[in-house]
Amino acid sequence: MFWSFLDSNYFYIKTISNESMNTYLLVLYILIIIAVCINILVNTETPSKALGYLLLVVSFPVVGVIIYLSVGLNYRKKELYRKKLEIDEQEYPKLEKQAMQFSRETLRRNKEKIGNFYQLASFSKTKNFTSDNNKATLLVNGEVKFPDVLKSLRSAQHHIHIEYYIYANDIIGKQVAEVLMEKAKEGVEVRFIYDDFGSSGIRKNIARQLREVGVEAYPFYKINLIFFANRMNYRNHRKIIVIDGNLGYVGGINVSDNYINNVDEKKLFWRDTHLKIEGTSVRNLQTTFLADWNFCANQKIPYSSDYFPVENETKHYGDHLVQIVTSGPDSKYPKIKYSFIQAIISAKHEVCITSPYFIPDKSFLDALNIAALSGIDVKILVPTKGDSFVVNTTTQSYFQELMNAGIKIYTYDKGFVHAKTMVCDKRIAIVGTANLDNRSFDLNFEINAIVYDKEIATELKELFDKDLTLSTQIVPEVWAQRPLYMKLLERILHLFSSLM
């Protein structure tokens, strides 16, 4: 097999060089392949992912190496985010100490309310604190979210912090920018983080206009060589707004007209979910934003009451218990994945999941299968037709195994479902930015909110049930009859699932 590999690569090299490649360059090429394979084995933590990259590099000469060097290198252990880690650890020791004590007291007060999800709420050891005294509001689709956001932005008195993966130069993007510029002229501090890949369309227009009127705007992890840079990985996929330290937004809806369904009736319907939070949990959104800000803006904004208002401790906002969970290349553990798994194994009756991109790793898949085999009613909603044929087909490669365990699979027919939510036992509701795939669990910066409240969880479950009425359930017997070529294509893409 090894000699066949050498022969095939030798033929490839001779072809691309018009048969003029000399022996020295062939040896150099083979040494590069060996070096890349060694790097994959040493620096890739997940065996399945390492195997996928090895298969890619060996199967596709030159192209496989370029793809690995562009998107496969693992920076979790490297120097890339050391500066961000130092800022996180140095700037907020007082806040962390107070939050830890506050979280312990919150858990003690609400132990009965949290019930069998107490272990999930105790995730404070990973600095994902749980707090009560919040009012949480579900916002369904962009046509509901953006009018509320614009109203809140206009009410800002001290500061506006806004961070988005996708910010488009379109109608809603310009409307939000106009409000940000108005508030900056009024003297309100406005800080804006946009992902340099997801929001590349605003670099020369909206971002520049914001800076001209005093808004501080910075790209997260700026891309210089867009096609060959590893920087295409490790993107900031978070969607955060913090206003005056006591009002925040988080969820799946980016700033784009795509998410607003009353702009153009002929365009694709987008179904998404966002969460508005008023109260003490906003401090966790604030901490996340400022750590990201200090990293990309090279600043050191300290802990102060300007950004963490003292009034949050005394003012009553509501009775919702909220936990903010973050993860990314700068975190020791894939905390969002762990929180999902903990929620699944803590459920007693039902788990309902919505995700536009569903490519679970083995640990997540095992948790779902164990829950279903234990009698838990597990339902998963994904798009009927995603925005990527490869991703959509890879998702389908999991259907048979899931259905074999008794899990019910539904595909959303009305349009594109982009919501990233989970509701368990009508007791906890999870709304955030993380998809159920390796990219969200391990490569991107993500943020989720968990609401421990029967009212909010029931509302999210009702939304899920409504979405199911606009969906088609995959019938195992019918699914098994799909064409052989589709089964083969699914299995081939399944081999590379750990890379997606």
How about [X] and [Y]: do any of their side-chain heavy atoms sit closer than 4.5 Å?
| X | Y | result |
| --- | --- | --- |
| Leu107 | Thr130 | yes |
| Ile193 | Cys296 | yes |
| Leu210 | Met181 | yes |
| Tyr165 | Phe197 | yes |
| Tyr412 | Pro383 | no |
| Lys379 | Leu468 | yes |
| Asp361 | Leu365 | no |
| Lys239 | Asn254 | yes |

* **Residues Phe220, Phe445; criterion ring-ring contact (aromatic ring centres under 6.0 Å, His included); working and verdict** => CA-CA 11 Å; Phe220 190 93; Phe445 292 88; 5.1 Å; yes

Between [X] and [Y], what is the shortest heavy-atom contact and its length?
| X | Y | answer |
| --- | --- | --- |
| Phe117 | Arg427 | CE1-CB, 4.0 Å |
| Thr326 | Ile336 | C-CG1, 4.2 Å |
| Met422 | Ala343 | SD-CB, 4.1 Å |
| Leu285 | Val250 | CD2-CB, 4.3 Å |
| Val242 | Val282 | CG1-CG1, 3.9 Å |
| Ile344 | Ala371 | CG2-CB, 3.8 Å |

Kindly compute the distance separating [atom1] ([X]) from [atom2] ([Y]), expressed to the nearest 0.5 Å.
| X | Y | atom1 | atom2 | answer |
| --- | --- | --- | --- | --- |
| Lys420 | Phe340 | NZ | CZ | 10.0 Å |
| Ile430 | Ile428 | CD1 | CD1 | 4.5 Å |
| Ile407 | Leu368 | CD1 | CG | 5.0 Å |
| Glu459 | Thr137 | CD | OG1 | 8.0 Å |
| Glu178 | Ile206 | CD | CD1 | 9.0 Å |
| Leu463 | Thr421 | CG | OG1 | 8.5 Å |

* Asked: Should Ile380 and Tyr410 be marked as a side chain to side chain contact (heavy atoms under 4.5 Å, CB included) after you check the CA-CA gap, both sets of side-chain angles, and the distance that decides it?
  -> CA-CA 6 Å; Ile380 299 173; Tyr410 298 83; over 6 Å; no

* To do: Go through Phe192 and Tyr167 one step at a time and tell me if the ring-ring contact (aromatic ring centres under 6.0 Å, His included) criterion holds.
  => CA-CA 11 Å; Phe192 175 40; Tyr167 193 111; 5.1 Å; yes

Test item: [X] side-chain N/O and [Y] main-chain N/O as donor-acceptor pair under 3.5 Å:
| X | Y | answer |
| --- | --- | --- |
| Asn133 | Lys315 | yes |
| Lys183 | Ala156 | yes |
| Thr433 | Ile447 | yes |
| Gln342 | Gln119 | no |
| Ser199 | Asp196 | no |
| Tyr398 | Pro360 | yes |
| Lys267 | Asn258 | yes |
| Asn134 | His320 | yes |
| Asp244 | His159 | yes |
| Thr354 | Leu381 | no |

* Please assess Lys461 against Asp465 for the test salt bridge (charged side-chain N to carboxylate O under 4.0 Å, His left out), listing each intermediate value before the final yes or no. => CA-CA 6 Å; Lys461 175 59 168 56; Asp465 289 340; 2.7 Å; yes

* **Qualifying residue, where the test is salt bridge (charged side-chain N to carboxylate O under 4.0 Å, His left out) with Asp132 and the options are Arg109, Lys113, Lys111** => Arg109

* Would Tyr357 and Ser440 count as a side chain to side chain contact (heavy atoms under 4.5 Å, CB included) if you check the C-alpha gap in whole Å, the side-chain angles of each, and the deciding distance to 0.1 Å? -> CA-CA 10 Å; Tyr357 309 107; Ser440 281; over 6 Å; no

Can you find a side-chain donor-acceptor pair between [X] and [Y] that sits under 3.5 Å?
| X | Y | result |
| --- | --- | --- |
| Asn444 | His237 | no |
| Asp195 | Tyr221 | no |
| Ser327 | Glu446 | no |
| Asn236 | Glu163 | yes |
| Ser471 | Thr411 | no |
| Ser346 | Asn116 | no |

Return the orientation label for the [X] and [Y] ring planes: parallel under 30°, perpendicular over 60°, tilted otherwise.
| X | Y | result |
| --- | --- | --- |
| Tyr333 | Tyr338 | tilted |
| His418 | Tyr259 | perpendicular |
| Phe441 | Phe364 | tilted |

* Six-ring centre of Phe269, Lys414 cation under 6.0 angstrom, axis tolerance 45° -> yes

* **Lys337 and Asp442 ion-paired at < 4.0 Å** => no

* For the pair Trp293 and Ile301, evaluate side chain to side chain contact (heavy atoms under 4.5 Å, CB included) and give the outcome as yes or no after the intermediate values. => CA-CA 9 Å; Trp293 177 262; Ile301 298 177; 3.4 Å; yes

* Step through the shown structure and confirm whether more than 12 heavy atoms of other residues, nucleotides or ligands are within 6.0 Å of NZ on Lys454. => no

* If you draw a 6.0 Å radius around CD in Glu112, do more than 12 non-hydrogen atoms from other residues or ligands fall strictly inside? -> no

* Test log, rule side chain to side chain contact (heavy atoms under 4.5 Å, CB included), inputs Tyr307 and His161 -> CA-CA 10 Å; Tyr307 306 109; His161 292 159; 3.8 Å; yes

